[in-house]
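As a basis for the values below, the full set of heavy atoms in this structure was taken, side chains included, without hydrogen atoms, waters or symmetry mates.
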Amino acid sequence: MFRFARRNRRRESHRTKKRLHKTTAPTQSKPVTATSEPQVRHLARRLSPLLPNWWGLVGGQIASWIALGPSFLPRRWWTTAGSVSLSQMYGYAIGSGARAVRNALRRNRHSTPSLRSATAERITQTAMLSALAAGTGVALVNASERQREIARLVQQKPQSNLEQIAGFVIGTTNTALTVGFVRFMQVSSARAHNLIRRIAPALAAPLSGFLVVSTLVYGISRYLIRSQVFSRVQAAAELKNLLPLPGRTPPTEPERSGSRASLESYGGLGRHGRAIASDGPRRADIAAFWSEPAMEPVRAYIGLAARLSIPAAAKRAVKELDRAGGFERDHLVIFVGTGTGWLNDWSMAAIEYLTRGNCAMVSMQYTVLTSALALIADRRLPQLTAQSLYREVRAHLDTLPPERRPKLYMSGESLGAFGGLSTFENATDMVNSLTGAVWAGTPQFSPIWQELTEARNPGSPYIRPDIGNGALIRFSNRPGDVTHNASGEPYAPWGESRTIFLQHPSDPVVWWHPSLIWKQPVWFEEPRGHDVTDRMRWWPWVSFWQISADMPLSLATPGGHAHRYFEEYVTAWSQVLGVDAPVAQLERAIRPFIKPH
């Protein structure tokens with residue numbers, strides 16, 4: 001009986017297992033493949049962090065249209081590429097931020113997108129894609145038209161349409177690579193975070209992935225850029241500083257550095273120092289122009305090859321100036337050079353002709369780098385150079401009887417103007433310390449420039465401010481500006497000190513400032529200058545990079561535009577020195593002495 005019961009229980013158990021097996025068996029015989037929908041979705045989720053988001057693409061493309069708008073100068077393909085790429089990154093960030101806010105609001109409402117909303121979003125994306133393509137075409141056509149207008153204003157040949165298109169394509173490609181790299185960094189940080197979280201303390205884990213990846217990238221970048229790239233640029237600049245310039249020979253006049261009578265060797269003057277010593281008019285040229293006797297101008301220069309400290313080099317410069325007879329002339333000019341030690345030939349020759357050679361000039365080299373690199377490496381160098389040289393010259397002048405002291409002037413262009421103006425506490429100190437000065441292309445972050453511009457007469461334009469009645473300081477956008485103010489009224493007669501600031505409306509070196517990123521400057525609210533298009537507009541971030549991209553091209557324009565100050569020096573120095581001269585004839589006399597450095 002018990003045996004029969006056990007057999008029935010075993011049969012019942014077997015039947016139950018068969019029923020369970022039937023109910024849990026798959027209902028379809030088709031095997032699950034590797035490309036099934038769940039796995040595709042899983043793959044899409046894994047790849048999504050590496051893909052750009054749609055909102056960012058829209059923002060980036062709209063920003064690129066703005067970047068194609070006009071600025072100061074005609075663009076080359078590489079400046080177009082740089083401006084477009086940086087602007088696209090800005091637009092992408094704005095679009096991505098807007099998308100994040102939208103998603104956060106959706107989560108707060110506890111709403112999930114429906115099938116209908118997903119379909120509408122796909123339709124919207126398709127329409128937006130078409131609009132973006134059309135908008136890009138219109139932006140490129142408008143950009144070509146604006147580039148032709150800008151080229152005409154600054155007297156340049158316009159670039160081809162193909163060059164603008166190439167710049168746009170290259171810039172967009174660079175943006176795509178950058179966005180992809182940032183996405184890769186985000187994924188790498190997340191994975192590093194998950195890996196370290198297993199062994200790191202709970203408080204350190206939230207930041208571990210970011211810190212590890214960012215530290216690694218920073219270390220590699222610092223090594224490659226700072227230790228390798230910059231050192232190679234420095235070495236190349238030092239080598240170039242030693243190379244001879246074609247057509248130059250050591251001067252024979254004892255009044256010039258590098259001559260046999262000089263304390264300085266010709267080879268030690270540096271590339272631009274040798275040009276300064278060799279070039280320029282001589283006594284015979286000046287006498288022939290005026291048809292009367294003239295003196296041999298003095299040019300004293302100290303090169304960086306001497307390996308002296310800046311204060312020591314300034315003492316040496318004054319000693320060389322004294323040897324050449326510079327303190328015996330009626331006019332003494334301290335020149336503060338740009339990076340590499342370059343001085344403007346037009347400025348020096350104008351002084352020498354206008355004074356009939358009764359003048360002396362002194363300067364010194366403080367770096368072998370270009371102005372842009374010198375400003376990044378150490379912006380104190382031009383300031384220290386100007387201050388040291390002025391201090392040593394002033395100390396020697398104080399040892400002379402008042403009746404034997406020459407009139408003291410200063411001049412500098414670009415970084416040289418920035419350094420020269422740092423010599424004085426304020427504009428009043430400058431006027432009281434000098435007989436006169438000519439500053440050209442002064443960067444607006446120079447404190448005295450800012451002081452004067454902010455204190456301009458009410459109603460006078462920012463790009464050409466009127467300072468009082470013009471008896472002491474005048475700003476000039478072009479040669480005719482030195483005799484009358486912005487309203488067309490004549491200035492008052494010059495006072496005992498005379499200072500002129502030369503600045504072209506199209507000079508990006510003057511108008512560049514970091515605040516362009518977030519703040520519209522005053523000059524955007526006023527009518528544009530004579531060589532700037534009226535269609536130029538300010539946009540946050542974008543305008544900063546547009547003007548930054550203009551700066552490398554500012555030396556490729558003819559004189560009278562951008563960062564090229566040539567013939568206007570003749571008129572400026574004629575006013576500062578108080579010498580009436582036939583300006584047109586004098587410009588023709590100086591032009592043969594202008595040689596490439």
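- The heavy-atom pair separating Pro406 from Leu400 by the smallest distance is CD-CD1, 4.5 Å.
- Annotation: the span from Leu304 atom CG to Arg271 atom CZ amounts to 15.5 Å, rounded to 0.5 Å.
- Of all heavy-atom pairs spanning Ile473 and Ala427, the tightest one is CD1-CB, 4.4 Å.
- Between Tyr353 and the options Trp346, Phe289, Tyr569, a ring-ring contact (aromatic ring centres under 6.0 Å, His included) holds for only Phe289.
- If you take CG on Leu263 and CZ on Arg323, they are separated by 5.5 Å, rounding to the nearest 0.5 Å.
- Side chain of Arg391 to main chain of Thr423: no donor-acceptor pair is present (N/O by atom type, distance under 3.5 Å, no hydrogens or angles).
- Counting heavy atoms from C-beta outward, Glu255 and Arg329 have side chains that approach closer than 4.5 Å.
- In this structure a side-chain-to-backbone donor-acceptor pair under 3.5 Å is present from Arg405 to Leu397.
- Between Arg591 and Glu567 there is a salt bridge, with a side-chain nitrogen of the basic residue lying less than 4.0 Å from a carboxylate oxygen of the acidic one.
- With rounding to the nearest 0.5 Å, the separation of CD in Glu413 from CH2 in Trp342 is 4.0 Å.
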| said: Under the criterion side-chain contact (heavy atoms from CB on, under 4.5 Å), I'd like the reasoning laid out for Met410 against Met430: C-alpha separation, chi angles, the key distance, then a yes or no. | reply: CA-CA 10 Å; Met410 285 190 75; Met430 176 186 67; over 6 Å; no
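- Side-chain contact between Met536 and Phe524 is present, with heavy atoms from C-beta onward closer than 4.5 Å.
- Counting all heavy atoms, side chain and backbone alike, Ile500 lies closest to Leu502 at CG2-CD2, 3.8 Å.
- Between Pro74 and Pro158, the closest side-chain pair of non-hydrogen atoms is not below 4.5 Å.
- Atom CG of Asp481 is separated from atom CZ of Phe475 by 12.0 Å, given to the nearest 0.5 angstrom.
- The CD1 atom of Ile334 lies 12.0 Å from the OG1 atom of Thr385; values are rounded to the nearest 0.5 Å.
- Ring geometry for Tyr390 against Phe424 counts as perpendicular: the plane angle is over 60°, on a 0 to 90° scale with 30° as the lower cut.
- Residues Gln503 and Thr442 have side chains that never bring a donor and an acceptor to within less than 3.5 angstrom of each other.
- Of all heavy-atom pairs spanning Val154 and His561, the tightest one is O-CD2, 3.6 Å.
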I'd like to know whether His331 forms a side-chain contact (heavy atoms from CB on, under 4.5 Å) with Leu577, so could you lay out the CA-CA distance, the side-chain angles of the two residues, the decisive distance to 0.1 Å, and finally the verdict.
CA-CA 9 Å; His331 307 276; Leu577 294 169; 4.0 Å; yes
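- Tested against Val532 for a side chain to side chain contact (heavy atoms under 4.5 Å, CB included), the candidates Pro527, Pro505, Pro70 yield a single pass: Pro505.
- Looking only at side-chain heavy atoms (C-beta outward), Asp466 and Arg456 stay at 4.5 Å or farther from each other.
- Under the side-chain hydrogen bond (donor to acceptor under 3.5 Å, both in side chains) criterion, the residue pairs touching residues 281-292 are Glu253-Arg282, Glu292-Arg356, with sequence neighbours excluded.
- Distance CG/Leu332 to CG/Leu321: 5.5 Å, rounded to 0.5 Å.
- Inter-residue side-chain proximity for Leu434 and Tyr409 is flagged as unmet; no heavy-atom pair is nearer than 4.5 Å.
- The backbone N or O of Gly69 sits less than 3.5 Å from a side-chain atom of Gln546, completing a donor-acceptor pair.
- Atom CZ of Arg380 has 12 or fewer neighbouring heavy atoms from other residues, nucleotides or ligands inside a 6.0 Å radius.
- If you check the side chains of Ser422 and Gln387, you find a donor sitting under 3.5 Å from an acceptor.
- Classification of the Trp523-Trp511 ring pair by plane angle, with boundaries at 30° and 60°, yields tilted.
- For the side chain to side chain donor-acceptor pair (under 3.5 Å) criterion with Thr533, the lone passing option out of Arg146, Arg528, Glu149 is Glu149.
- The number of heavy atoms from other shown groups lying within 6.0 Å of CG (Asp580) does not exceed 12.
- For the pair Gln147 and Ser144, the minimum side-chain heavy-atom distance is 4.5 Å or more.
- A side-chain donor from one of Tyr266 and Ser278 sits under 3.5 Å from a side-chain acceptor of the other.
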- [ ] Before giving the answer on side-chain contact (heavy atoms from CB on, under 4.5 Å), spell out for Thr557 and Gln156 the whole-Å C-alpha distance, their side-chain angles and the decisive distance to 0.1 Å.
- [x] CA-CA 7 Å; Thr557 60; Gln156 275 191 297; 3.6 Å; yes
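- Ring geometry for Trp512 versus Phe544: interplanar angle of 30 to 60°, hence tilted.
- Contact record, Gly337 with Ser363: N-OG, 4.1 Å, taken as the closest heavy-atom pair.
- Taking the six-membered ring for Trp and thresholds of 30 and 60 degrees, Phe335 and Trp573 have ring planes inclined between 30 and 60 degrees apart.
- Looking only at distances, no side-chain donor or acceptor of Arg464 sits under 3.5 Å from a matching main-chain atom of Gly529.
- At least one side-chain heavy atom of Gln365 sits less than 4.5 Å from a side-chain heavy atom of Asn241.
- In this structure the side chain of Arg316 never reaches within 4.5 angstrom of the side chain of Met364, judged on heavy atoms.
- With Gln450 contributing its side chain and Gln444 its backbone, the two residues share a donor-acceptor pair below 3.5 Å.
- Within the 3.5 Å criterion, the main-chain N or O of Arg75 finds a donor-acceptor partner in the side chain of Gln164.
- Checking side-chain atoms of Ser414 against main-chain N and O of Gly441 turns up no donor-acceptor pair under 3.5 Å.
- For the pair Trp538 (side chain) and Leu516 (backbone), a donor-acceptor distance under 3.5 Å is present.
- Counting only distance, with no hydrogens or angles, the side chain of Ser262 and the backbone of Glu264 share a donor-acceptor pair below 3.5 Å.
- Checking Glu568, Arg564, His563 one by one against His504, the side chain to side chain donor-acceptor pair (under 3.5 Å) holds for a single residue, Glu568.
- A cation-pi contact, defined as under 6.0 Å to the ring centre and within 45° of the axis, links Arg474 to Trp494.
- Between the Arg498 side chain and the Gln575 main chain, a donor and an acceptor come within less than 3.5 Å of each other.
- Here the shortest heavy-atom pairing between Asp550 and Ser71 reads OD2-OG, 2.9 Å.
- Glu425 CD: 12 or fewer foreign heavy atoms inside a 6.0 Å radius.
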I would like to know whether Gln383 and Phe418 meet side-chain contact (heavy atoms from CB on, under 4.5 Å); could you show each step before the answer?
CA-CA 7 Å; Gln383 296 176 317; Phe418 167 72; 3.3 Å; yes
